[in-house]
2 protein chains.
Amino acid sequence: MTDRDLTQADTVRLAIEREIFGGQLAPGDALEEGRLASRFGVSRTPVREAITQLAQAGLITKRAHKRAVVAQLDPSTMLELFEALAELEGAAVFLSTSRMSEAEKGALKDIHEAAAENLGNGGDPNEYADLGFAFHQQIVRGCHNTALIDTTEWLALRVLPYRRFQVVAPGRLQRNQTDHDAIISAIFAGDAEAAREEIRRHTLEQGDALMRFIALNKTSHADFHPNGLIKEQPL
Amino acid sequence: MTDRDLTQADTVRLAIEREIFGGQLAPGDALEEGRLASRFGVSRTPVREAITQLAQAGLITKRAHKRAVVAQLDPSTMLELFEALAELEGAAVFLSTSRMSEAEKGALKDIHEAAAENLGNGGDPNEYADLGFAFHQQIVRGCHNTALIDTTEWLALRVLPYRRFQVVAPGRLQRNQTDHDAIISAIFAGDAEAAREEIRRHTLEQGDALMRFIALNKTSHADFHPNGLIKEQPL
DNA sequence: CCCTGATAAAGTGTGTACACTTTTTGCGGT
DNA sequence: ACCGCAAAAAGTGTACACACTTTATCAGGG
């Protein structure tokens, strides 16, 4: 049992997921079953199963007899996703404020302070992005409701590639940190309603900022590389 | 093109879905690929694909090399689902209050009044349940955010079979109608925050009531028939 | 009688073949 | 050149076969 009961379909699915989140597979790219099969050294059957799962998760789109393609996020859909995520994170933090244990609050504070330090020392922006993701995750998980956590994280994953863009947008990191300050203050003050409003505004603002950034750079979202860098079009 | 591009896997998936929502397949029931294949007159391949999709949707659970079973909702999971749904519906109505068109508000009022009439005339409780579902759906869709709507309805679908139980719980229908009154008032008054609170309380209460009902009747959720009736155990 | 373990039965995971659909290619007419 | 259209190529959907895993069956020892 060397492979921990991971079926080949699982392996393929995880690999494709990584390539999408990592940016090797960009939105709009076509996934052809035969190629993937030979690339991963398996038959088309497990590849097909992986694709089915990914389609169900919304990471790729699929129609009968048509090639599967990595999900294309047009601007309005992306805004909707950010808005929905803002509401979900708001709902989660509303519960988390009264439910997080002292240990969980401490871990949250640690993450926040590590991010502050990274920002002050001019550390690696990608590392800062990871800390930002961890910050949101820690808050969401604090609500102790698996259904809500899963739903929220599922949405968060979908916008993750786009959320990271902040690392290249001027002034965005500083603003991000300020927002996090306000959120963490509300949580420690036990003001659930304020925490909800802060995180809602914060996540909505991220979406808006991304839209402005894309519009300003006259670059379609298709040219926007999920890693947070623009594809073959240096600033 | 008589079958509207429905692949056989789609057909099988829809059939299984109907059987789950309809109650022919109860939570805990095992789905065996071979049987289903011969029952639907197809090979195991499309059945397998349907099962993969249903598993991804959370309607059934599946582990490597193990039979797929209709998702079992233990009490704590069910409470979590209701809580998460309460939050999502709250988020949706918060947006809907300012976004619903007059036509949409009118349709909502129509549904509400039809429900009131049904209740007053001692109409078919199942019809009342349908109206209740439509009421929630109309509100959620009023937020005009596809991502949020899809997410909420997906959760709502999962608890739908349990939500219907109200039709057999004494006094529950009347209470339900009163709650809806309060919600619709808040919406028409344009008080988004109040609407959110009302629907949150309402949906949470539905979950609690279901739990009490199950506990009182000393019947495990496994014996609880999704159609809203207890299986071979008359009251 | 109840374990325990071996063995058989049942069931899932994947490779492969092929029918059917979509997309591409290429050719003749305008 | 530009269309339309037919034929080929590419690709998806499904059936089927078989290896491997899990579950059920059963015989013998405590």
Side-chain angles (χ1 to χ4, degrees), chain A residues 1-20 24-72 222, chain B residues 1-20 24-72 222:
Chain A
M1 202 189 287
T2 64
D3 53 9
R4 285 186 203 155
D5 268 3
L6 275 187
T7 183
Q8 298 202 189
D10 290 331
T11 309
V12 172
R13 175 173 50 78
L14 291 170
I16 297 179
E17 264 177 13
R18 258 194 299 276
E19 295 196 0
I20 291 178
Q24 290 84 11
L25 279 171
D29 283 1
L31 298 178
E32 195 267 298
E33 300 176 357
R35 302 238 191 245
L36 291 170
S38 58
R39 188 145 78 76
F40 290 113
V42 300
S43 87
R44 268 182 54 221
T45 308
V47 171
R48 233 171 122 52
E49 192 163 323
I51 286 180
T52 301
Q53 292 175 236
L54 290 168
Q56 199 67 22
L59 237 58
I60 67 181
T61 59
K62 175 110 191 56
R63 281 169 36 209
H65 296 283
K66 298 286 175 80
R67 283 213 220 46
V69 298
V70 178
Q72 192 80 276
Chain B
M1 203 188 284
T2 65
D3 54 7
R4 287 189 205 152
D5 268 5
L6 275 186
T7 185
Q8 300 203 183
D10 290 330
T11 309
V12 172
R13 174 172 50 77
L14 291 170
I16 297 178
E17 265 177 14
R18 258 194 300 277
E19 296 196 359
I20 291 178
Q24 290 83 11
L25 280 172
D29 283 1
L31 298 178
E32 194 265 299
E33 299 177 358
R35 303 242 192 239
L36 290 171
S38 58
R39 188 145 78 77
F40 290 114
V42 300
S43 86
R44 267 182 54 221
T45 308
V47 171
R48 212 158 191 311
E49 193 163 322
I51 286 180
T52 301
Q53 292 174 237
L54 290 167
Q56 200 67 22
L59 236 59
I60 67 180
T61 59
K62 175 110 190 59
R63 280 168 37 207
H65 296 283
K66 298 284 176 78
R67 281 214 223 40
V69 299
V70 178
Q72 191 82 275

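Chain naming here is simple, since letters A, B, ... match the order of the sequence lines and numbering starts at 1 in each. Both backbone and side-chain heavy atoms feed into the values below; hydrogens, waters and symmetry mates do not.
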**Q** Whole Å only: how far is the CD atom of Gln8(B) from the P atom of dG13(D)?
**A** 12 Å

**Q** Figure out the CZ/C1' separation between Arg48(A) and dA15(D), and round it to whole Å.
**A** 12 Å

**Q** Over all strands shown, is Leu31(B) touching base, sugar-phosphate only, or nothing at heavy-atom distances under 4.0 angstrom?
**A** sugar-phosphate

**Q** Under 3.5 Å, which donor-acceptor pairs link side chains of residues 50-57 of chain B to any protein atom two or more places apart or in another chain?
**A**
residue, atom, partner, partner atom, Å
Thr52(B), OG1, Arg48(B), O, 2.9

**Q** Round to a whole Å and report the spacing from CD of Glu32(B) to C1' of dT23(D).
**A** 12 Å

**Q** Which residues pass the salt bridge (Lys or Arg N to Asp or Glu O under 4.0 Å) test with Arg13(B), sequence neighbours left out?
**A** Asp10(B), Glu17(B)

**Q** Does anything in residues 33-46 of chain B come within less than 4.0 Å of DNA chain D? Heavy atoms only, and list the residues if so.
**A** Val42(B), Ser43(B), Thr45(B), Pro46(B)

**Q** Check whether any side-chain heavy atom of Leu14(B) lies under 4.5 Å from a side-chain heavy atom of Leu6(B), and answer yes or no.
**A** yes

**Q** Give me each pair satisfying salt bridge (Lys or Arg N to Asp or Glu O under 4.0 Å) with a member in residues 50-70 of chain A, each pair once, sequence neighbours excluded.
**A** none

**Q** Report the residues that fulfil side chain to side chain contact (heavy atoms under 4.5 Å, CB included) with Thr61(A), sequence neighbours left out, ordered by chain and then residue number.
**A** Val69(A), Ala71(A)

**Q** Between Ile60(A) and Ile20(A), is there a side-chain heavy-atom distance shorter than 4.5 Å?
**A** yes

**Q** Any base atoms under 4.0 Å from Glu49(B), or only sugar-phosphate, or nothing? Heavy atoms, all strands.
**A** nothing

**Q** CZ of Arg13(A) versus C1' of dT14(C): gap in Å, rounded?
**A** 17 Å

**Q** Run the side-chain donor-acceptor check on residues 31-45 of chain B: report pairs under 3.5 Å with partners two or more places apart or on a different chain.
**A**
residue, atom, partner, partner atom, Å
Glu32(B), OE1, Arg35(B), N, 3.1
Glu32(B), OE2, Gly34(B), N, 2.5
Glu33(B), OE1, Arg44(B), NE, 3.1
Glu33(B), OE1, Arg44(B), NH2, 3.0
Ser38(B), OG, Gly34(B), O, 3.4
Ser38(B), OG, Arg35(B), O, 3.0
Arg39(B), NH1, Glu19(B), OE2, 3.4
Arg39(B), NH2, Glu19(B), OE1, 3.2
Ser43(B), OG, Thr45(B), N, 3.2

**Q** Rounded to the Å, how far apart are Leu6(B) CG and dT21(C) P?
**A** 14 Å

**Q** Below 4.0 angstrom, which residues in residues 57-66 of chain A have at least one non-hydrogen atom near DNA chain C?
**A** His65(A), Lys66(A)

